[in-house]
Amino acid sequence: MRRRLAALVAATTTLVLLAFLVPLAKLIDTAASDNAKSTATNLSQQIVPIVTSGTDQAIEAAAKEVAKNGYVVTIHMPDGTRLGAQSGPSALAPGGRDARSTRVIAVRGKGDVVVHQPVFRDDGRPAVISTLVPDTILDRGVRRAWAVLAVLGVLLVGISLVVADRLARSMTRPVTALARTAERLGRGELDARVDPGGPVEIREVGLALNRLAARIGELLASEREAVADLSHRLRTPVTALRLDAEGLGDEEERGRLVADVDDLTRQVDAVIREARRPVREGVEARCDATQVVGDRVGFWRVLAEDQRRSLRLSLPAGPTPVRANESDLAAAVDALLGNVFSHTPDGTGFAVDVRALPGRGAEIVVQDDGPGFADADVMARGESRTGSTGLGLDIVRRTAVAAGGNVEIRTSPGRGATIVVRLGAPS
């Protein structure tokens, strides 16, 4: 923006200066030429009395005196002789016209000007004083004046650029502050605020951004508390369920149910902690997909063996950093594997692959040998054809999008399903 403003001001100033300086330069040239011709006319008139009644020697001396100023004077006498510089046009017809009908005639030659002054001697015969003005005198001082104008033009353009840059900085500085504050908000720093400054419009944007940030913080706090309250309410029925489980007579059945209740309690606690987490990490999130996927597959492996499901796990040799929070990615992996167990019959095999994408993050591929999806719109939030909440794949999708990736589903009825989750690289 600063460069564009500077370029605009430079172009505008240059055009204005050209519109002003070019005619002024032409005027200076014309004024210098007119001044030189006027001086030549005055010098010619100074020797008119001498040419009128003086001798040839006096006329020669007067011509030489005038020549000291740089002008070349030639006197054309009535008898055809020439005195002075011995050069110039015809005496009785300067410029091709009769001397008796013309007082002063200026004839322009190759860069020179000749000023003719008709004179009548005492005997009534005409003579002509021709004063040659060389181009060096015609242009005297013009180039210096042009140089001064050029320097003045460059100086004015430079001053305009400095003023434009200061003006642009006064406009871009508050915009830059707005961008930095928005970036901090995107990183989850909800206490970030901008100090409004600059033009009125930019100050209004800054105030609006501050109000938006405050409102977002309020909404998030309210949502976190609501989720935490709802999760906390689950503790009462879970506690009652535990008491019922401990009252069972079958020790093996009691142990199994108590373990399930303990796992449910841990999940409720995890939900409460997640709800009270101040904010998601956003673009600053980072975890190792290899470790997270490996841990979650290890958790589900016991159930897979119990249901006689073949499981193939393929992990990269080293860490695979991705732009996702560890708990979010673990929840997404659990949702993917939970779908396999929930929507395929026992004994259906599945495979989990983690593939590193150098410089672009990684992708997690979950493939099963089940019946596949009958409906292509399985990613819609709350959509389910089996009586579940329909939130599992939506959790996966939201995690992928937050990590700068996407989710792709490849399925055909009776041939299994493949879900590819792409996650971006950490910033």
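Worth knowing before you read on, the calculation uses all heavy atoms, side chains too, and leaves out hydrogens, waters and symmetry mates.
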Between CG on residue D288 and OG1 on residue T320, distance to nearest 0.5 Å = 5.5 Å
ask   = When you look at T344 and R309, which way does the side-chain hydrogen bond (donor to acceptor under 3.5 Å, both in side chains) test go after all the steps?
value = CA-CA 10 Å; T344 60; R309 296 175 181 269; 2.8 Å; yes
ask   = Could you walk me through whether E218 and R215 pass the salt bridge (Lys or Arg N to Asp or Glu O under 4.0 Å) check?
value = CA-CA 5 Å; E218 293 173 359; R215 183 56 178 163; 3.2 Å; yes
query = Between R203 and E201, is a salt bridge (Lys or Arg N to Asp or Glu O under 4.0 Å) present by the stated rule, with each step listed?
reply = CA-CA 5 Å; R203 288 201 299 270; E201 294 81 1; over 6 Å; no
request  = Check whether any side-chain heavy atom of R355 lies under 4.5 Å from a side-chain heavy atom of I364, and answer yes or no.
outcome  = no
key: N/O donor-acceptor pair under 3.5 Å between T12 side chain and L8 backbone   = yes
task = Return yes if some donor-acceptor pair links the side-chain N/O of W300 with the main-chain N/O of D334 below 3.5 Å, else return no.
result = no
key: Donor on one side chain, acceptor on other, N210 and R193, under 3.5 Å   = no
key: G84 backbone acceptor or donor facing E60 side chain under 3.5 Å   = yes
query = Would you call T131 and V114 a side-chain contact if the rule is heavy atoms closer than 4.5 Å?
reply = no
message = Whether the side chain of D139 engages the backbone of V142 through a donor-acceptor N/O pair (distance < 3.5 Å, no angle test) should be reported.
response = no
request  = For a side-chain hydrogen bond (donor to acceptor under 3.5 Å, both in side chains) with S130, tell me which candidate from Q117, H76, R82 qualifies.
outcome  = H76
query = salt bridge (Lys or Arg N to Asp or Glu O under 4.0 Å): which pairs involve residues 18-32, sequence neighbours left out?
reply = none
ask   = Which pairs, with at least one residue in residues 149-168 and sequence neighbours excluded, count as a side-chain hydrogen bond (donor to acceptor under 3.5 Å, both in side chains)?
value = R2-D165, T13-S160
request  = I would like to know whether T74 and V128 meet side-chain contact (heavy atoms from CB on, under 4.5 Å); could you show each step before the answer?
outcome  = CA-CA 8 Å; T74 301; V128 177; over 6 Å; no
query = Is there a side-chain contact between S314 and R312, using heavy atoms and a 4.5 Å cut-off?
reply = yes
request  = Assess whether side-chain contact (heavy atoms from CB on, under 4.5 Å) is satisfied between L185 and L209, documenting all intermediate values.
outcome  = CA-CA 10 Å; L185 291 173; L209 181 62; 4.0 Å; yes
